[in-house]
Amino acid sequence: MSRLPLLIGDFGNRNGIESLRPDEQGRYHMVVDDSVQVQCFERFGQLYLVSPLGPVPEPVEEGQRWLQRLLNHALKRMKHSHGTPALDEEGNAVFFARYDIANLSVVDLEARVSEHINVLESYLDVVDAAAPMQAAAGFAPSFLRP
């Protein structure tokens, strides 16, 4: 049985989020500080935190420069981060992190989400994605990080 629903329930209670419910894929969606999206889900005993970085720009040359900045930043952070950028099924850039969920407490979850957001913001700065992204349908009401 997954521990994530209990952790998410406690997380929501501690952060003033009333209705964190999983979507049909078992992912919990949150909007943090009114602009940062975080999906939280469990697979094979691992907690995943996933956030969009944005679409790869067009034309191809601009997209290559954008991806190069993104990957260079990832290389610099490699030793200090559980997260990495990737491309999703639609070809959009995302930032994801993975943690063992076995002994994770709600305090640990809060720390992981906060760390995820801080690192995500550094990636957004690097790729010049300063404009806030619109919240996707199904994302829970916003909450502010402590």
Side-chain angles (χ1 to χ4, degrees), residues 2-17 19-23 25-58 62-146:
S2 173
R3 295 188 62 241
L4 189 58
L6 294 173
L7 285 171
I8 289 290
D10 289 346
F11 178 85
N13 289 337
R14 289 172 57 103
N15 290 282
I17 307 170
S19 61
L20 279 174
R21 304 264 187 266
D23 64 13
Q25 297 175 328
R27 296 176 184 224
Y28 294 86
H29 300 263
M30 298 175 276
V31 177
V32 183
D33 295 341
D34 293 327
S35 63
V36 177
Q37 300 172 21
V38 179
Q39 291 181 24
C40 182
F41 60 96
E42 180 183 357
R43 296 287 184 272
F44 307 111
Q46 298 289 305
L47 169 69
Y48 287 85
L49 301 174
V50 180
S51 296
L53 290 169
V56 178
E58 297 280 341
E62 186 178 336
Q64 287 175 334
R65 286 190 299 275
W66 190 87
L67 286 169
Q68 185 174 14
R69 286 192 310 271
L70 182 68
L71 293 175
N72 284 338
H73 188 65
L75 183 62
K76 290 178 200 172
R77 296 201 47 80
M78 220 164 76
K79 292 182 182 179
H80 309 289
S81 179
H82 287 270
T84 188
L87 295 178
D88 67 11
E89 298 83 23
E90 290 83 37
N92 295 310
V94 297
F95 175 70
F96 80 96
R98 182 179 67 185
Y99 303 93
D100 185 35
I101 199 169
N103 297 311
L104 200 71
S105 71
V106 69
V107 173
D108 296 330
L109 178 59
E110 288 174 335
R112 301 300 184 264
V113 169
S114 183
E115 175 188 352
H116 178 83
I117 293 164
N118 289 334
V119 175
L120 170 67
E121 288 173 341
S122 77
Y123 277 97
L124 290 172
D125 289 342
V126 165
V127 296
D128 297 321
M133 299 168 76
Q134 296 299 318
F139 275 71
S142 299
F143 71 95
L144 300 176
R145 284 181 289 151

Could you tell me the separation between the [atom1] atom of [X] and the [atom2] atom of [Y], rounded to the nearest 0.5 Å?
X	Y	atom1	atom2	value
R3	N103	CZ	CG	7.0 Å
L71	W66	CG	CH2	9.5 Å
L47	R112	CG	CZ	9.0 Å
R21	I8	CZ	CD1	12.0 Å
H73	F95	NE2	CZ	8.0 Å
L7	Y28	CG	OH	9.5 Å

Could you tell me whether the side chain of [X] and the main chain of [Y] form a donor-acceptor pair under 3.5 Å?
X	Y	answer
D23	Q25	yes
N13	D10	no
R43	Y48	no
R27	F41	no
N92	D88	no

Between S122 and D125, is the side chain to side chain donor-acceptor pair (under 3.5 Å) condition met? List the steps.
CA-CA 5 Å; S122 77; D125 289 342; over 6 Å; no
Is the shortest side-chain heavy-atom distance between [X] and [Y] below 4.5 Å?
X	Y	result
L49	F96	no
L124	L53	yes
S105	D108	yes
V113	C40	no

Looking only at heavy atoms, which two atoms of M30 and L20 are closest? And how far apart?
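Looking at all heavy atoms of both residues, the shortest contact is CG-CD2, 3.6 Å.
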In this structure, which one of Q37, Q39, H116 forms a side-chain hydrogen bond (donor to acceptor under 3.5 Å, both in side chains) with S51?
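By the side-chain hydrogen bond (donor to acceptor under 3.5 Å, both in side chains) criterion, S51 pairs with just one of Q37, Q39, H116: H116.
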Please evaluate residues N15 and F11 with respect to the criterion side-chain contact (heavy atoms from CB on, under 4.5 Å), reporting the C-alpha separation (whole Å), side-chain torsions for both, the decisive distance (0.1 Å), and the verdict.
CA-CA 6 Å; N15 290 282; F11 178 85; 3.6 Å; yes
Can you list the steps and then say if Y99 with L109 is a side-chain contact (heavy atoms from CB on, under 4.5 Å)?
CA-CA 10 Å; Y99 303 93; L109 178 59; over 6 Å; no
